[in-house]
Number of protein chains: 2
Amino acid sequence: MTQNLDAISPDIPSDYESLKARISTLSESMPKRLLQCARYALANPDRIALGTTAEIASAAGVQPSTLVRFAQTLGFDGFSQMQQIFQGQLVGRSSEYTERLTKIRESGTNTPGSILGNFVERSKQSLDDLLRQVDTVALERTIEALSAAENIHLLGLRRAYPVVSYLHYTLGKMGVRTNLLEYTGGILEERVQFINENDALFVATFSPYSPEVVEFASKAFGRGVAVVSLTDSVLSPIARVSSTVLEVNEAEHGAFRSLSTTMCLATSIAVAVGDARKWTSLS
Amino acid sequence: MTQNLDAISPDIPSDYESLKARISTLSESMPKRLLQCARYALANPDRIALGTTAEIASAAGVQPSTLVRFAQTLGFDGFSQMQQIFQGQLVGRSSEYTERLTKIRESGTNTPGSILGNFVERSKQSLDDLLRQVDTVALERTIEALSAAENIHLLGLRRAYPVVSYLHYTLGKMGVRTNLLEYTGGILEERVQFINENDALFVATFSPYSPEVVEFASKAFGRGVAVVSLTDSVLSPIARVSSTVLEVNEAEHGAFRSLSTTMCLATSIAVAVGDARKWTSLS
DNA sequence: ATAAATTTGGAATGAATTTTCCGAATTGGA
DNA sequence: TCCAATTCGGAAAATTCATTCCAAATTTAT
C-alpha cells in the first residue's frame with residue numbers, strides 16, 4: 001500500500017541532497033514552528049537520524065506532532081519515513097550506491113554485466129569502509145614490524161593465498177625479499193623453526209579460518225616472532241596470536257567474496273614497506 | 001536507576017572499540033546463536049545501529065529475544081543500550097571521515113595512511129572505469145567460452161599469478177574444476193599438448209608481458225583452443241592470439257599497481273561462470 | 001544412558017513511540 | 001475590530017518495539 005502511494009505521489013525526496021533542497025525551497029512559505037523544525041533538521045541531521053520524536057521535538061523546542069507535520073509537509077507519510085533519509089546519509093551510503101545497486105538487482109542478476117556491476121558497486125563501498133574503519137595505528141605498527149624484520153615470511157591458504165603471493169611478488173620487485181610459505185602437505189609446522197626472533201610473519205586468513213595457519217602463527221608468536229595478520233573479523237582466531245591485526249570487510253555477492261579491497265590494502269602495505277625500507281637503507 | 005546500575009556494574013563497554021574487544025573475548029565461550037549475533041554485529045555494525053530488533057534478528061537469522069540476550073551477555077541492560085554504542089560509532093565515523101580524508105591528502109605521501117588513502121581513491125576510480133569501459137560483448141563471450149569448455153586451463157605469471165590462482169580457488173569452490181598451470185622451469189610449453197580443442201585457456205598477463213605466456217597462448221590458439229585473455233591494454237601481444245580480450249586499467253601509485261579492480265572482474269567472471277554451469281547442468 | 005544445566009524459539013507482555021485528532025490560539029484580511 | 005483560515009499544542013489512540021517468560025530442545029556432566 002505504502003508502495004503504491006510512493007509511486008503515485010509525485011515527489012518524495014529519495015536522498016539527503018534532494019531532501020535538503022526541498023526543505024530549503026519550502027521553508028520560505030513555512031509557518032513559525034515548521035520553520036523551526038526545518039532549521040533544526042538542517043543543523044542537526046544526525047539527531048534526526050537517531051533520535052525519537054520526543055527527544056528531537058524537545059531539543060528543537062516543538063511538539064512531537066509538529067515534527068510529524070513537518071515531515072508530511074515535505075511529502076512523507078510521517079516522521080519515520082523522513083528519518084530513513086537522514087539515516088541513509090549518516091551511513092554514508094550516499095544514495096547513488098544503493099540506488100544503482102537496486103537498479104542492478106531489478107535487471108536480473110544472471111547476466112555477466114549485472115554481476116560485474118554488482119561487484120563493482122559493492123567493492124567501491126567496501127573500499128570506502130576500509131578507509132573509514134582502518135585502524136591507523138595497527139597499520140603503522142604493521143609497516144614498522146615488516147620494515148624492521150630481518151626476513152619476512154608470508155603465509156596464506158585458499159582465498160588468502162593470492163594475497164600473499166601478490167605480496168611476495170610486489171615486495172620482491174621493490175627489493176624486499178620474502179619467504180612465501182607454500183603448503184605442501186603436512187610439513188608446514190616443521191618450518192616454524194626456521195623463523196627466528198628478528199623475523200616477521202605476515203599471515204592472511206579469512207573465514208573459515210584454516211586451522212593449520214592459525215596453529216602455525218600461534219607457534220611463531222609463542223616463539224616471540226612478530227606476527228602481523230590480515231583477516232576479516234576481530235573474531236578471527238588469528239587475532240589472539242598476532243602482534244597487530246588488520247581487518248578488512250570484503251564485498252560479497254551471495255556467498256562469494258571478492259578480493260578487491262583486500263588487494264588494495266595489500267598493495268598499500270607493500271608500497272609502504274618498500275618506502276620504509278628504502279629510507280632506512282639509505283640512512 | 002539505570003545510572004546507578006551502570007555505576008555499580010563492573011564493566012559496560014562505553015565505546016565501540018572496547019565493545020569490539022569484549023565481543024571478541026566473550027565470543028570464545030558463546031553458544032551457537034549468540035556467536036551468530038556476535039559475527040553479524042561485527043560484520044554489520046551499521047545495521048545494528050539503525051535497525052529494529054525484528055529487522056536485525058531476521059537478517060542475522062536469529063530471534064529478537066536472542067539479540068536481547070546477546071546484549072545482556074555483554075553486560076548491557078538490553079539491546080537498546082548496546083545499540084547506542086553502535087550509533088555513537090556511526091556518528092563519530094561520518095564526521096571524522098571527510099576530516100580524515102583531507103588530512104590524509106594533505107600529509108606527505110609517505111605515511112602508510114596516505115598511501116592507503118591514495119590507493120583507495122584510485123581503486124574506486126579504476127572500478128568506475130571498469131564498469132564504464134567494459135566490453136559487455138567480450139565479457140559475455142568470455143563467460144560462454146568458459147562455461148562451454150570441457151576443461152578450463154589457467155595461466156598467469158608474476159603479477160597475474162594471484163589472479164589465476166584466485167580463479168582456480170573460487171571456481172573450484174563453485175564446483176568448476178580448473179587446471180592451474182604453474183611455471184616450474186622451462187617445461188611450460190610442453191603442456192600445450194594436454195589442452196584439447198574442447199577446452200578453454202584463460203590467460204592473464206600485464207605489461208611487461210611474459211613472452212613465455214604469450215608463446216603458450218599462441219600455440220594453444222593455433223591449435224583451435226578458445227583463448228580468453230585478461231590484460232591491461234588492447235595493444236597487449238596477447239590480444240592477437242585470443243578469441244576474446246578483457247581489458248582492465250588498474251589503479252597505480254608511482255610504478256606500483258594494485259590488483260583491486262582486476263580481482264573485482266575476476267570474481268565476477270568466476271561467479272558468472274559458476275552460475276552458467278549450474279543452469280546448464282540442471283537442464 | 002540418564003539427569004542436570006544450559007540454550008533456544010516463540011508467544012505474551014508491557015513500555016515506548018509515532019501518529020491522529022480536535023479544541024485553542026494565532027494569523028491575515030476586511 | 002471581527003471573522004475566516006491557518007497553525008499549534010496536547011492529549012488520546014494506534015502501532016511498533018524491546019523485553020520477559022516459559023516450555024521445548026539441546027548440550028554437558030555424571
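Letters A, B, ... mirror the listed sequences (proteins, then strands); counts begin at 1. What you see below is based on every heavy atom in this structure, not just the backbone, and it leaves out hydrogens, waters and symmetry mates.
Remark: A:Ser268 engages no residue in a side chain to side chain donor-acceptor pair (under 3.5 Å) (not counting sequence neighbours). Not a single side chain to side chain donor-acceptor pair (under 3.5 Å) links B:Arg39 to another residue, sequence neighbours left out. Partners of A:Ser123 according to the side chain to side chain donor-acceptor pair (under 3.5 Å) rule, which considers only residues two or more places apart in sequence or in another chain, do not exist here. Looking at residues two or more places apart in sequence or on another chain, you find no ring pair (Phe, Tyr, Trp, His ring centres under 6.0 Å) involving A:Phe221.
In terms of position on DNA chain D, the residue among A:Gly61 and B:Ala54 whose nearest nucleotide sits closer to the 5' end is A:Gly61.
Rounded to whole angstrom, the span from the CE atom of B:Met30 across to the P atom of D:dT26 amounts to 22 Å. Regarding B:Gln83, its CD atom lies at a distance of 13 Å from the C1' atom of C:dA16, rounded to whole Å. One atom, CZ of A:Phe79, and another, C1' of C:dA16, lie 14 Å apart when rounded to the nearest Å. Rounded to whole angstrom, the span from the CE atom of B:Met82 across to the C1' atom of D:dT19 amounts to 14 Å. Computed from coordinates, the A:Asp77 CG to D:dT15 P distance equals 14 Å when rounded to whole Å. Rounded to whole Å, the distance from CG on B:Leu35 to P on C:dT6 is 18 Å. Taking atom CG of B:Leu50 as the reference point, atom P of D:dT16 lies 19 Å away to the nearest angstrom. Per the geometry, CZ belonging to A:Phe76 stands 15 Å off P belonging to C:dT18, to the nearest Å.
In this model, the phosphate group of D:dT19 is approached by a side-chain N or O of B:Ser80 to a distance below 4.0 Å at OP1 or OP2.
At least one test fails for A:Arg159 against the ring of B:Tyr169: distance under 6.0 Å to the centre or angle within 45° of the axis.
For A:Leu34, taking side-chain heavy atoms from C-beta onward, the closest of the listed nucleotides C:dT18, D:dA18, D:dC8 is D:dC8.
In this structure, a donor-acceptor pair under 3.5 Å is absent between the side chains of A:Thr205 and A:Thr231.
Considering every non-hydrogen atom in both A:Val227 and A:Ala217, the closest pair reads CG2-O, 4.0 Å. The minimum heavy-atom distance linking A:Gln87 with A:Ala49 is given by the pair NE2-O, 3.1 Å.
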For nucleotides 25-30 of chain C, which of its nitrogen or oxygen atoms have a protein nitrogen or oxygen under 3.5 Å away, and what is each distance?
none

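For the segment residues 63-72 of chain B, the set of residues with a heavy atom within less than 4.0 Å of an atom of DNA chain C comprises B:Gln63, B:Ser65, B:Thr66, B:Arg69, in numerical order.
Annotation: side chain of A:Arg69 is in contact with side chain of A:Thr66 (closest heavy-atom distance under 4.5 Å).
Residue B:Thr52 is classed as a sugar-phosphate contact, given heavy-atom separations below 4.0 Å to backbone atoms only.
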